[in-house]
Amino acid sequence: MIVCSCNILSDGDVKACLKPGPDCPRTPAQVYRCLGCSPNCGRCARTIRAIMDQALAAAGVEPIAACQRGCCPTALERAAAEPTL
């Protein structure tokens, strides 16, 4: 299934770059970089995050808790992946 129509990324593409270990992408922005692209409109960021959480949970990897204050790198990357209106 295509999850990013701007970059033509499928759920399989996202799952393929999620290999457990220290180099595993932990944010949608890191997934984009792993796949050699960058977010355009950002509408797919939440879907990519959900795919990541499911795949990592299935692999027994604990997902990173989202920062609620907006000050950590994970929150900043998430904000960068969100579309601006």
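Below, all heavy atoms of this structure are taken into account, side chains as well, without hydrogens, waters or symmetry copies.
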Side chains of [X] and [Y], heavy atoms from C-beta outward: is any pair under 4.5 Å?
X   : Y   : value
P28 : M52 : yes
L18 : P25 : yes
C17 : Y32 : no
V14 : V3  : yes

Enter the distance from R43:CZ to S5:OG here, rounded to the nearest 0.5 Å.
-> 6.5 Å
Distance from N40 atom CG to C4 atom SG, nearest 0.5 Å?
->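 That separation rounds to 6.5 Å.
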Under the side chain to side chain contact (heavy atoms under 4.5 Å, CB included) rule, what do I8 and I2 come out as? Steps first, then yes or no, please.
-> CA-CA 6 Å; I8 316 299; I2 298 293; 4.0 Å; yes
Step-by-step side chain to side chain contact (heavy atoms under 4.5 Å, CB included) determination, C37 to L9 = CA-CA 10 Å; C37 58; L9 300 177; 3.8 Å; yes
Pairs touching residues 7-16 that satisfy side chain to side chain donor-acceptor pair (under 3.5 Å), sequence neighbours left out |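 The answer is S10-D13.
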Can you see which heavy atom on Q30 is nearest to which on R26, and at what distance?
->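 Distance-wise, the nearest heavy atoms are OE1-N, 2.5 Å.
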